[in-house]
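Take a look at the structure below.
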There are 2 protein chains.
Amino acid sequence: MTEAKGNTRTAYEQIRQAIVEGRYLPGQRLIEQRIAKEFELSRTPVRESLRMLEAEGLVHSEPNRGAVVRSVSVEELADLYALRALLESFAAELAAARITDEDLARIDEGIALFEESIGIAAGGTLEGVRALSEANRLIHGAIIHAARHERLAQLLARTVDVPLVFQAFRQFDRSEMERSHLFHRLIRDAIAAHEGARAARLMSEHVLQGRDVLIARIQAHPQGAEHLFASRPT
Amino acid sequence: MTEAKGNTRTAYEQIRQAIVEGRYLPGQRLIEQRIAKEFELSRTPVRESLRMLEAEGLVHSEPNRGAVVRSVSVEELADLYALRALLESFAAELAAARITDEDLARIDEGIALFEESIGIAAGGTLEGVRALSEANRLIHGAIIHAARHERLAQLLARTVDVPLVFQAFRQFDRSEMERSHLFHRLIRDAIAAHEGARAARLMSEHVLQGRDVLIARIQAHPQGAEHLFASRPT
DNA sequence: TCTCGCTGGATTGTACGCAATTCGTGGTGA
DNA sequence: TCACCACGAATTGCGTACAATCCAGCGAGA
């Protein structure tokens with residue numbers, strides 16, 4: 001009440017963001033009462049949000065036992081990225097066939113923003129990581145939008161925007177950001193030239209490189225990434 | 001109350017089945033009060049079910065305006081099958097690498113059941129179509145299970161089990177059933193031989209043939225399939 | 001000591017009521 | 001005749017109360 005006219009939508013988004021950014025850790029119980037108090041709402045919108053997040057796969061819940069943040073093993077993480085590579089390269093291929101000038105302009109905007117953000121994010125601040133992640137989201141979102149495939153967009157939103165992706169950006173060093181930037185531009189050009197197969201291959205490579213960086217970091221500094229995973233599997 | 005201890009789960013499943021089987025038509029408004037009365041519950045579990053179905057993509061809803069059954073255009077239908085082909089062929093490829101004897105036995109069971117069902121379903125009865133659809137679900141489900149990729153399974157459940165797929169089987173004639181049966185066996189053998197690329201190609205072809213049959217039927221008898229689509233786009 | 005069952009607190013599941021919003025409908029004025 | 005506005009029915013959004021369920025901890029009996 002002290003805040004804006006808080007409705008279910010904002011509850012959903014706040015809980016989601018908390019999970020994605022890792023403020024709610026994998027394995028942690030999500031108790032309706034507590035969350036409701038935290039956001040100054042009643043349990044009703046919180047319950048609905050949790051149900052949506054469950055259908056989305058971000059939380060796991062069992063009848064009469066409530067919801068917990070879902071955890072991901074390293075193996076699942078690798079599989080998840082393989083899936084994402086498949087879906088995003090499909091999107092890139094469709095985009096190459098269906099792109100409009102407007103879509104292309106949106107991609108270019110995202111790319112420009114990504115370039116700007118590299119400087120900020122190289123500092124390693126949360127703010128910088130957020131800016132980079134947001135620019136990345138814009139680029140990939142614009143490509144998916146250009147693919148004109150609503151269901152694909154829906155699935156990707158749930159496959160990409162997962163706790164680990166946000167964490168992944170924290171692990172990036174400057175050269176990796178630059179490499180992502182390069183791939184974004186290559187993909188953009190392939191799409192603009194209507195070269196679907198190339199766009200798809202580049203996108204797949206781009207995503208898999210992100211995966212490899214993330215997994216290498218996890219194995220190099222397991223203590224730094226352990227908060228990604230639950231102590232007990234859920 | 002008169003019924004079994006009706007909880008949210010059953011409400012969710014009943015509404016879902018009504019949509020998938022076409023008892024709730026695309027474009028139809030889903031009014032909480034009416035559904036609640038229909039299932040003899042309060043609005044609360046109905047609301048939660050609708051939210052889950054929304055996250056799943058089966059219904060569309062806007063704030064303060066409620067939920068409607070989502071409709072699908074022929075173009076979206078084609079895209080949907082392309083997506084399904086992509087995901088299922090990926091599943092087949094993974095399955096070829098990860099298959100166990102147990103999984104293979106499950107696939108074989110499904111194939112045997114499918115063969116039995118062809119005779120029944122050729123009659124064109126709803127019962128026969130249900131049996132065939134169920135056998136088909138078992139086969140594809142066993143392959144997806146063999147792929148050991150939870151998120152992929154989740155996405156496929158929501159991409160495959162869509163109103164249109166159930167309707168599709170009604171459109172099959174005997175030779176098409178036989179062809180599906182043939183492809184099931186070819187896919188099974190490729191998976192058993194750990195030939196991932198072949199399994200993926202066969203699966204893709206299998207799904208796309210299903211698509212072509214369905215679309216051809218729709219265009220040949222548009223009056224028979226019009227109930228698949230809403231009068232107004234949603 | 002180990003197992004079993006009981007009990008109380010914590011939490012989820014469901015019903016219900018009221019406020020807020022939407023949308024159709026009819027009336028009013030130009 | 002037409003545009004506009006206001007009212008009211010229908011519906012959704014949300015809070016709250018209470019029932020159902022789960023689970024940890026404890027005590028009794030073997």
Side-chain angles (χ1 to χ4, degrees), chain A residues 1-16 18-19 24-70 230-234, chain B residues 1-16 18-19 24-70 230-234:
Chain A
M1 290 280 196
T2 70
E3 198 59 24
K5 46 172 177 176
N7 59 16
T8 296
R9 227 75 197 177
T10 70
Y12 166 77
E13 275 153 23
Q14 285 189 280
I15 298 171
R16 191 175 204 293
I19 295 174
Y24 292 155
L25 299 177
Q28 181 175 337
R29 282 190 69 184
L30 298 172
I31 290 160
E32 298 171 0
Q33 196 83 244
R34 257 175 29 80
I35 295 175
K37 192 177 290 177
E38 190 176 331
F39 297 147
E40 294 183 312
L41 304 156
S42 81
R43 279 174 53 214
T44 311
V46 173
R47 275 182 75 76
E48 294 189 0
S49 301
L50 290 177
R51 282 289 144 81
M52 293 193 283
L53 292 167
E54 183 190 359
E56 226 172 285
L58 279 179
V59 313
H60 176 82
S61 78
E62 284 177 59
N64 289 316
R65 298 166 93 260
V68 301
V69 180
R70 203 156 154 191
S231 28
R232 313 177 293 186
T234 50
Chain B
M1 293 278 198
T2 69
E3 197 58 25
K5 46 172 177 176
N7 60 16
T8 296
R9 228 77 195 176
T10 70
Y12 166 78
E13 275 153 23
Q14 285 189 280
I15 298 172
R16 191 174 202 294
I19 294 174
Y24 292 157
L25 300 177
Q28 182 175 337
R29 282 190 70 186
L30 298 172
I31 291 161
E32 297 171 1
Q33 194 85 245
R34 255 173 30 79
I35 296 174
K37 192 175 292 176
E38 191 176 331
F39 297 146
E40 294 182 312
L41 306 154
S42 79
R43 280 174 51 214
T44 310
V46 173
R47 276 182 74 77
E48 293 190 0
S49 302
L50 290 178
R51 281 288 143 80
M52 293 193 283
L53 292 167
E54 183 190 358
E56 222 173 288
L58 278 180
V59 313
H60 175 81
S61 78
E62 285 177 57
N64 289 315
R65 298 165 92 257
V68 300
V69 180
R70 204 156 154 191
S231 28
R232 313 176 295 185
T234 52

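These numbers come from a predicted model, not from an experiment. The basis for the numbers below is simple: all heavy atoms, side chains too, and nothing from hydrogens, waters or symmetry mates. Order of the sequence lines fixes the chain letters, A, B, ..., with proteins taken first and strands second; residue numbering starts at 1 for each chain.
- No hydrogens or angles were tested; on distance alone, nothing pairs the side chain of A:R65 with the base of C:dG13 as donor and acceptor under 3.5 Å.
- Here the nucleotide nearest the side chain of B:R29, chosen from D:dT11, D:dT21, C:dT21, is D:dT11.
- Ion pairing between a basic and an acidic side chain is recognised when a charged N comes within 4.0 Å of a carboxylate O; B:R51 and B:E54 show such pairing.
- The distance from atom CG of B:N64 to atom P of D:dA9 is 20 Å, rounded to the nearest whole Å.
- B:R34 has no side-chain polar atom (N or O) that falls below the 4.0 Å cut-off from OP1 or OP2 of D:dT11.
- A:E56 has its side chain within reach of A:R16: a pair of non-hydrogen atoms, C-beta onward, lies under 4.5 Å apart.
- Judged by distance alone, the side chain of B:R70 and the main-chain N or O of B:G57 form a donor-acceptor pair under 3.5 Å.
- Atoms CG (A:L30) and P (C:dT11) sit 13 Å apart, rounded to a whole Å.
- Counting to the nearest Å, the C1' atom of C:dT21 and the CD atom of B:E62 are 14 Å from each other.
- To the nearest 0.5 Å, atoms CG (A:L50) and CZ (A:R43) are separated by 10.5 Å.
- OP1 or OP2 of D:dG13 has at least one side-chain nitrogen or oxygen of B:R51 nearer than 4.0 Å.
- Residue B:I31 has its side chain nearest to D:dT12 when only C:dG13, D:dT12, D:dC14 are considered.
- The interatomic distance linking A:Q33 (CD) with D:dC18 (P) rounds to 15 Å, in whole Å.
- Here the C1' atom of nucleotide D:dC14 and the CD atom of A:E48 are 9 Å apart, to the nearest Å.
- With distances taken from any side-chain atom of A:T44 to the nucleotides C:dA15, D:dG13, D:dT16, the minimum falls on D:dT16.
- Distances shown here put every side-chain N or O of B:S42 at or beyond 4.0 Å from the OP1 or OP2 atom of C:dT14.
- To the nearest angstrom, P of D:dG13 lies 19 Å from CZ of A:F39.
- Rounded to whole Å, atom P of C:dG17 lies 16 Å from atom CD of B:E32.
- To the nearest angstrom, P of D:dC14 lies 8 Å from CG of A:L41.
- Within the 4.5 Å cutoff, the side chain of B:Y24 has heavy atoms near those of the B:I15 side chain.
- Phosphate proximity of C:dC16 to B:R43: absent, as no side-chain N or O sits under 4.0 Å from OP1 or OP2.
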